[in-house]
Amino acid sequence: MSSLYIHIPFCASKCAYCGFYSIPSTKRKADFLEALKHEIAFRKDYLHGEKVETVYFGGGTPSLLHLEEIENILKTLHDCFEIDPDAEITFEANPDTLSLEYLSGLRSLGVNRLSIGIQSFFDNDLRYLSRKHDSNHARQSLDLAKEVGFENISIDLIYGLPTSDADQWNRNLDLFFELDIPHLSAYALTLEPNAVLTKQIELGKAMPISEEDSIRDYEILCRRAAEHGYVHYEISNFSQPRMHSRHNTSYWIGIPYAGFGPSAHSYDGKSRQWNVSSLEQYVENGKRRTENVQLFEREVLTMEQQYDEYVMLRLRTMWGVDLNYIKCEMGERFSSHCEQKAQPLIARGRLSQNKEILYLNDDQMLFADGIAEELFW
Ligand SMILES: C[S@@+](CC[C@H](N)C(=O)[O-])C[C@H]1O[C@@H](n2cnc3c(N)ncnc32)[C@H](O)[C@@H]1O
Ligand code: SF4
């Protein structure tokens, strides 16, 4: 079992808050597609013939690609990997890029899951985030996606926005539930070091954000999602039963994946590697691919690092940290360490233990990373 990720590094314009690698120009799209094709072919043995169960087009803005370009990428992937006929194939899309024709084209190419970056159904939030779309686009894109027959749809929302009070956040969620969309990824607005919004706030040119607002919105979100029967399966992810993202879940449970394109990460079960976060460099590297040079950075994980990573990823999910798994796969010194470090956290009401599984308490979810650090080796 394995997964594929394709990073499309183009956006129509750069959103002020975003720290993902992308550039606001498609001038070098042809060069990118050429380099991408080479990378996929060159690394076709990375997953050692494991069957591919999920494919994810992320970005950037994959929906800036033309249908023929997507078709060509899919063809290269099918030529190089054994992709399960029932594979989940997700495509990230921005609301302002979607038309009926484009969406039905995606469906005919085999895309069976859409992840749409709605962010908010309210124009004041969208303006603060410097999004290209407005609330009409947001609604329209979802209507169109349903009209062409997409059932497996996810939307992204961002909370903790200074433009939105609790009432507006509740109304955002009302709309989400009314539309009966099976999956939600909801993120607290974070200030990324290289993002324009961070600078603007520092200079007093944009409204600051507050942790209290994020916590308030997160509590509303968790309560309302549960009331509507959504499973809260990862800190930021909620789904109707059996509609979770198979792709993202595979990251959290440690399934190998190959990532292609600038800034994409890969994991083969023992080591991680990541491509350069520069389109220029990526295209240059593509030309040197036949030489025996290492075109990525790589880290072989020690057992200590594997333990830390397991704890960090699993604590974020509803499956929790399994002490038995740690004992069998990593050894008793790791499971004892974990159990011992967990005790004070359990006493302070931050963690719960059910038999051999450690879980984060619901009200501690937003602090998962700090709590995981306390369990680290
Ligand atoms: C890889 S981005 C790309 C999605 C797509 N290009 C779009 O913007 O619609 C995935 C999601 O991460 C979230 N995101 C990006 N930067 C964020 C930030 N600084 N704080 C919170 N969420 C963020 C947004 O919800 C975004 O839709
Ligand atoms: S949020 Fe999406 S559209 Fe905006 S810059 Fe980031 S990747 Fe591009």
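Both counts, for ligands and for their atoms, begin at 1 and track the order of listing.
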| query | Is Cys15 close enough that one of its N/O/S atoms sits under 2.8 Å from atom 6 (Fe) of ligand 2? | reply | no
| query | Taking the six-membered ring of Phe32 as reference, does the NZ or CZ atom of Arg28 fall below 6.0 Å from its centre and within a 45° cone about the axis? | reply | no
| Hey, does the Lys NZ or Arg CZ of Arg224 hover above the aromatic six-ring of Phe177, less than 6.0 Å from the centre and inside 45° of the axis? | no
So if I count the atoms of ligand 1 from 1 in the order they appear, which ones are less than 4.0 Å from some heavy atom of [X]?
{"X": "Leu189", "result": "20 (N), 21 (C)"}
{"X": "Gly60", "result": "3 (C), 5 (C), 6 (N)"}
{"X": "Gly117", "result": "9 (O)"}
{"X": "Asp156", "result": "10 (C), 11 (C), 25 (O), 26 (C), 27 (O)"}
{"X": "Thr61", "result": "6 (N)"}

| task | Consider ligand 2: state whether an atom of it lies below 4.0 angstrom from any non-hydrogen atom of Arg131. | result | yes
| Gly117 touching ligand 2 at heavy-atom level, < 4.0 angstrom | no
Heavy-atom side-chain contact between [X] and [Y] under 4.5 Å:
{"X": "His232", "Y": "Met365", "value": "yes"}
{"X": "Leu33", "Y": "Glu69", "value": "yes"}
{"X": "Tyr56", "Y": "Glu92", "value": "yes"}
{"X": "His183", "Y": "Ser245", "value": "yes"}

Contact partition for [X] relative to ligand 1, non-hydrogen atoms under 4.0 Å:
{"X": "Cys15", "result": "neither"}
{"X": "Arg131", "result": "side chain"}
{"X": "Tyr17", "result": "both"}

To the nearest 0.1 Å, how far is [atom] from its closest protein heavy atom, and which atom is that?
{"atom": "atom 6 (Fe) of ligand 2", "answer": "Cys18 SG, 2.4 Å"}
{"atom": "atom 15 (C) of ligand 1", "answer": "Phe20 CE1, 3.5 Å"}
{"atom": "atom 1 (S) of ligand 2", "answer": "Tyr17 OH, 3.3 Å"}

| task | Please confirm whether Tyr251 and Tyr257 have ring centers closer than 6.0 angstrom. | result | yes
| field | Centroid separation Phe121 to Phe176 less than 6.0 Å | value | no
| request: Determine, considering heavy atoms only, which of Ala195, Ala188, Pro62, Ser214 sits nearest to atom 21 (C) of ligand 1. | output: Ala188
| task | Counting heavy atoms only, name the option from Thr190, Ile155, Leu157 that's nearest to atom 19 (N) of ligand 1. | result | Thr190
If the cut-off is 4.0 Å to any non-hydrogen atom of [X], which atoms of ligand 2 fall inside it?
{"X": "Gly60", "result": "7 (S)"}
{"X": "Cys11", "result": "3 (S), 5 (S), 7 (S), 8 (Fe)"}
{"X": "Asn94", "result": "3 (S)"}

| said: Can you classify the ring geometry of Trp169 versus Tyr159 as parallel (below 30°), tilted (30 to 60°) or perpendicular (above 60°)? | reply: tilted
| query | Is it true that Asp174 and Arg171 have a side-chain N and a carboxylate O under 4.0 angstrom from each other? | reply | no
